[in-house]
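As structure tokens, the structure follows; a few thoughts come after it.
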Amino acid sequence: MKETYGTLVDIRRKVFAEVARIAYNDIDISALEESSYKIVPGEVARYRSDIFRERAVVDERLRLAMGLDVRKIGVFKNVTDGFDKVDIDTNAYEKPLINVIKFGCEACPTKAYYTTDNCRKCLAHPCINVCPVNAISMGKDRTIIDKDKCVKCGRCQDACPYSAIVKYERPCAAACGVNAIDSDEYGRAEIDQDKCVACGRCIAECPFGAISDKTQIFQLIKAIKSGKKVYGAIAPSYIGQFGANTSAKQIIEAIKLLGFEDVVEVALGADLTTLHEAKEYLERVPEDIPFMGTSCCFSWTLMIKNEFPEFFDQVSDSGSPMRYTANHIKAKDPDAVVVFIGPCTSKKLEAIDTKVKSDVDFVITFEELMGMFVAKNIEPSEIKVEEKVEDGSALGRGYPIAGGVAESVKVVAEKIAPDRDIHIQGAHTLSECMKMLKIAKAGKLDGYLLEGMACPGGCIAGVGTIASVNRVKKQIEKFKKESIYQTPLENVNIEKERENI
């Protein structure tokens, strides 16, 4: 999305910057009614059929960025309607988190197969021969697929020697690994909130920008301006997000300029998660449970709870790195307001979980943080710094790359119990996670530690990221090599926390 959906990314960031500008400058909320005219100026449409529709979509994005619900098309409401409920300096989030902006949805066709002009009406007609339901017949110019009969098995596509048959699919639905996206009566996308695990892949894949999530930027800035001691807990994938030449320390100092008291690397919490999961794996597998799942990705955990409830007690009971880092901050300062800054949307959902909400007060993404930088005219790469950041180990900093969690647990578990042979298996994207769990259900992964991540490539591809996956991956690998500690067992910063695990 970052590389190819530039127009949509630009609009998203302008919306975040506008909301942050209003909050920081104490601008009357009525100004929000005019904000879409600033973001989409002029009289001629650039992205859609008309400029009024463009602004209508931006208005809904502004509402979501304020923490408000999207409006129904057939019911009149001002952009600011309901603002009194979110005009607070605490978390104002209410479900649903992920929302379809009906103004922007183009009611894309659902999954289907179609014969193109490449069809040569060949004598063998293998597509007709392999169809199990006789849905394909020979037409005047090409074969014809009867959509009412078609069962979408894809055999015709595989059999065609000319690649004349193509599959098209609604991008948001194709990206959803838990089949949470259907259609309303007008063919527009509709999210089944009971199935949704808030991974945000639909947001990233919709080429019309018709899906978005709520943010807490406005409430966070109000908390900062009220004088509360706000601490940032920044996820390991922050490396490389704000420019290839921007150091970790520059990013942290830039966040402090926004009004934060201090910033702590979530790699510290990742080290604690590693220690806990390594110990738990050694104690529970295979004596108590046949295999164990990691606990870091909240979307993965929710997917197991919804789709494989019989395995839910086999997910590690370890807290996520976000939770442990928040615990660490509040242990040092009981008055701290903790803000998790990371790459994904599902952490917003995790933060209102009963076990977590007392420790994590706000969650924002890197993209939303960038909006705050823009509003305050802060350029991280221009900040002069000297000392390095040393909160976490190299293993903890490797968590956001697919496979990093399981590898960290394996390394530490083998150091604790050298006689044990630790088996690991990982999957990224929820569709691949589903496949892995089906294999586990068949008993083929007994004895394994299973790592699941909702995003392709890991957290570095979260919908709230800014930079390309490849660039960030290289930057993280470089950052890991610069770490003083290679494993959490060497990290003196977490000595006091170990006894609590």
Side-chain angles (χ1 to χ4, degrees), residues 1-5 8-9 12 97-98 171-181 191 195-207 211-213 234-241 266-267 270 273 293-304 306-307 315 320-322 340-351 363-369 397-408 425-437 450-477:
M1 178 178 176
K2 269 71 70 178
E3 295 82 11
T4 57
Y5 286 13
L8 296 179
V9 171
R12 279 172 61 87
L97 172 63
I98 312 294
C172 58
C176 182
V178 293
N179 298 317
I181 299 182
I191 299 174
K195 290 184 178 181
C196 179
V197 295
C199 68
R201 297 320 307 167
C202 54
I203 297 173
E205 297 301 326
C206 176
I211 308 178
S212 191
D213 58 325
I234 192 162
S237 47
Y238 78 105
I239 301 301
Q241 294 292 339
V266 175
T273 298
T294 57
S295 62
C296 297
C297 177
F298 193 63
S299 291
W300 147 260
T301 303
L302 276 182
M303 185 202 76
I304 294 175
N306 294 343
E307 305 291 336
V315 175
S320 68
M322 174 180 79
F340 176 79
I341 306 167
C344 72
T345 54
S346 72
K347 289 298 179 186
K348 297 178 182 180
L349 209 58
E350 182 182 352
V363 173
I364 63 170
T365 66
F366 298 135
E367 203 173 27
E368 293 159 17
L369 177 65
R397 288 171 171 172
Y399 259 50
I401 299 172
V405 178
E407 183 60 32
S408 297
Q425 181 76 30
H428 48 109
T429 74
L430 292 177
S431 58
E432 291 301 313
C433 288
M434 292 275 279
K435 292 177 184 177
M436 181 173 70
L437 287 172
L450 304 183
E451 175 195 295
M453 288 194 173
C455 296
C459 304
I460 53 177
V463 69
T465 57
I466 298 171
S468 70
V469 171
N470 291 336
R471 189 179 85 183
V472 172
K473 186 176 181 180
K474 289 178 182 177
Q475 292 287 97
I476 290 175
E477 294 292 353

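Both backbone and side-chain heavy atoms feed into the values below; hydrogens, waters and symmetry mates do not.
- Here the closest heavy-atom approach between residue Ala461 and residue Pro456 is recorded as CB-O, 3.0 Å.
- Residues Thr465 and Val472 have side chains not in contact (no heavy-atom distance under 4.5 Å, counting atoms from C-beta outward).
- Under the salt bridge (Lys or Arg N to Asp or Glu O under 4.0 Å) criterion, Glu432 pairs with Lys435, sequence neighbours left out.
- Looking only at side-chain heavy atoms (C-beta outward), Cys433 and Met303 come within less than 4.5 Å of each other.
- We find the CG-SG distance between Leu349 and Cys199 to be 11.0 Å, quoted to the nearest 0.5 Å.
- Ser346 is not listed as a side-chain neighbour of Leu302, based on a closest heavy-atom distance of 4.5 Å or more.
- Although no hydrogens or angles enter the test, the distance criterion places a donor-acceptor pair under 3.5 Å between the side chain of Ser299 and the main chain of Val197.
- Annotation for Ile98 and Ala198: closest pair CG1-CA, 4.1 Å, computed over non-hydrogen atoms.
- Contact between Ala351 and Val363 at its shortest, heavy atoms only, is CB-CG2, 3.6 Å.
- Residues meeting the side-chain contact (heavy atoms from CB on, under 4.5 Å) test with Pro400, sequence neighbours left out: Pro236, Ser237, Cys459, Ile460, Ile476.
- For Glu350, the salt bridge (Lys or Arg N to Asp or Glu O under 4.0 Å) partners are Lys347, not counting sequence neighbours.
- For Ile191 against Cys196, the heavy-atom pair with the smallest separation is CG2-CB, 3.9 Å.
- Of the possible donor and acceptor atoms, none in the side chain of Glu205 sits under 3.5 Å from a partner among the backbone N and O of Ala175.
- Within the 4.5 Å cutoff, side-chain heavy atoms of Arg12 are placed close to those of Ser212.
- Applying the salt bridge (charged side-chain N to carboxylate O under 4.0 Å, His left out) test to pairs two or more places apart or on separate chains, those with a residue in residues 466-477 are Glu477-Lys480.
- Residues Ile234 and Phe366 form a side-chain contact, since some pair of their non-hydrogen atoms from C-beta on lies under 4.5 Å apart.
- Side-chain atoms of Thr273 and Tyr399, non-hydrogen and from C-beta on, do get closer than 4.5 Å to each other.
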TODO: Report the C-alpha separation of Ile341 and Tyr238 in whole Å, then their side-chain angles, then the decisive distance to 0.1 Å, and conclude whether the side chain to side chain contact (heavy atoms under 4.5 Å, CB included) test is met.
DONE: CA-CA 8 Å; Ile341 306 167; Tyr238 78 105; over 6 Å; no
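- Checking side-chain atoms of His428 against main-chain N and O of Gly457 turns up a donor-acceptor pair under 3.5 Å.
- Between Thr301 and Thr294, the shortest heavy-atom contact is OG1-O, 4.5 Å.
- Interatomic distance, Lys195 NZ to Glu307 CD, rounded to the nearest 0.5 Å: 7.0 Å.
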Open item on the list: Does Cys455 form a side chain to side chain contact (heavy atoms under 4.5 Å, CB included) with Arg201? I'd like the steps, not just the answer.
Closed with: CA-CA 7 Å; Cys455 296; Arg201 297 320 307 167; 3.4 Å; yes
TODO: Go through Ile401 and Met453 one step at a time and tell me if the side chain to side chain contact (heavy atoms under 4.5 Å, CB included) criterion holds.
DONE: CA-CA 9 Å; Ile401 299 172; Met453 288 194 173; over 6 Å; no
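- Using modelled atom types, one side-chain atom of Ser408 and one backbone atom of Gly404 make a donor-acceptor pair closer than 3.5 Å.
- Separation of atoms CG (Asp213) and CG (Leu97) is listed at 5.5 Å; rounding is to 0.5 Å.
- Without hydrogens or angle criteria, Gln241 side chain to Ile466 main chain gives a donor-acceptor distance under 3.5 Å.
- Scored by the side-chain contact (heavy atoms from CB on, under 4.5 Å) test, Cys176 finds Val178, Ala180, Ile181 as partners (sequence neighbours excluded).
- With sequence neighbours excluded, the residues forming a side-chain contact (heavy atoms from CB on, under 4.5 Å) with Thr365 are Lys348, Glu367, Glu368, listed by chain and number.
- Under the side-chain contact (heavy atoms from CB on, under 4.5 Å) criterion, Met436 pairs with Trp300, Gln425, Ala427, Leu445, Leu450, sequence neighbours left out.
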